[in-house]
Each structure stands twice: as structure tokens, then as C-alpha cells.
Amino acid sequence: AQSVTQLGSHVSVSEGALVLLRCNYSSSVPPYLFWYVQYPNQGLQLLLKYTSAATLVKGINGFEAEFKKSETSFHLTKPSAHMSDAAEYFCASDRGSTLGRLYFGRGTQLTVWP
Amino acid sequence: GAVVSQHPSWVICKSGTSVKIECRSLDFQATTMFWYRQFPKQSLMLMATSNEGSKATYEQGVEKDKFLINHASLTLSTLTVTSAHPEDSSFYICSARDWGGSSYEQYFGPGTRLTVT
């Protein structure tokens, strides 16, 4: 069963522009949600996570995401894109389980134009 | 921060041979580790959950006899791809959960690129 859906496999923005990467989740139990970034041929780095403490989550590198239960969304944003933000971004869910397994979306490739 | 290493970082093997990939938590104990597979330009697919001292739990559709997982210590899990074939070529990534810290923090290894010729 699909746990998270990332809308848009590719997003392109100009340097300095707003970054918006979309993620919707599907879970009967409120899940914990994560955003990870992956640079070519590397593992994943955690950007931020939602663990029900606060709906607006701030992460590293100026990224933040807002958990909206009514929209079942957890979109990732950054006010001003930087060239170094170009990478693959993955949204992940634990499906509401405490076992630690993560289920990833298909990923969104972010391109930043100078 | 917690560090997870993988060895080797890349490996090329001939069809029919077996390959072992190691995943180590360097500065924390990980009773649970996870193995993922990633095809080019695709997402990570959870293969199995590795628990120290017990049998791994495999996700549906993953051949447990093909992908042998051993978690012999609190800092080491291994994935052995047996009788590898070209379709097993992929990027394999492990992660480890640090129960001593945030219970919802997973740390990912840098990945292992497997190419089967």
C-alpha cells in the first residue's frame, strides 16, 4: 500500500526562488513523516521529521515542512533556493508503526538554475 | 552525530557468485538495522528489518534465500546476495536505528553499488 505520494518527479527553480516539494501521506494511523535528501551516489541525510510534537517543523539548510492533517500533506519548503540544494528529495512515512520501518515516496529531483 | 558505514562502497562480481555487504554503526549500538534497495533514479525499497540476535524480517516479495541477512552484533549487520545475477545490480543502502537517542532517528549508510556482470 502506498504510504506517501510525492507529486512531481522533477522540480526546477531559479536560484533565490521558493522551493516547494509536495508529499501526501495515506495512513489510518497518524504517521511520523520524514524528508530526506540524497546527493548522487550517496546515502540519505535527514532534513527534518514530524513526530507529532509540532505541525510546523524546521530542519537543516533552511528547509521546513508543515503537517496538515486535513490535507494529509507534509510539503517541504525553502524560501530561497541555493545551487547546493540541487539533489533528490524523498518523503518517508513509518505508517504509524513504532517498528522503525520507513516507506519512501518515489522522490523528487530538484534542479536549481543560476 | 551517529555514523553508519558500509563496506564495500562498490563491488563488481560475476554472475553466480555471492557478495557480502557490511553495515556498521560506528558510535552507537543498533539493535535494529534496515536494508534498502534503490534502482537508478528510483526510490528506496525496504527489503528487510535486521534484528540483533534473531532472524530478519523480510518485506513481501523479497527472497530471503537470495538475500541473506545476519545481525550478529549490536554494531554489525551483513547482507549477502547469493548466486548474484545481473538483475541484482543495484544500490544497496542500510540504516540503523539509535534507540539510545531519539527513538525515531534513523541513520543511513553511504550505500554500496553492486554490479553483476
If I take atom CZ from residue A:R101 and atom CD from residue B:Q106, how far apart are they, to the nearest 0.5 angstrom? 11.0 Å
Side chain, backbone, both or neither: which part of A:Q109 has a non-hydrogen atom closer than 4.5 Å to chain B? neither
Report the option among B:T57, B:V4, B:L46 that has the most heavy-atom pairs separated by less than 4.5 Å from atoms of chain A. B:L46
Using modelled atom types and a 3.5 Å cut-off, is there a donor and acceptor pairing between side-chain atoms of A:T108 and backbone atoms of A:G8? yes
Sequence neighbours excluded, the answer for side-chain hydrogen bond (donor to acceptor under 3.5 Å, both in side chains) partners of B:Y58 is none
Can you pull the disulfide (SG to SG under 2.5 Å) pairs that have at least one residue in residues 26-83 of chain B, sequence neighbours excluded? none
Select one option (side chain, backbone, both, neither) describing which atoms of B:S9 are under 4.5 Å from chain A's heavy atoms. neither
B:I93 versus chain A, the contacting section by heavy-atom distance below 4.5 Å: side chain
Does any heavy atom of chain A fall under 4.5 Å from the side chain of B:Q6, the backbone, both, or neither of them? neither
With a sphere of 6.0 Å drawn around NZ of B:K66, does it hold more than 12 non-hydrogen atoms of other residues, nucleotides or ligands? yes
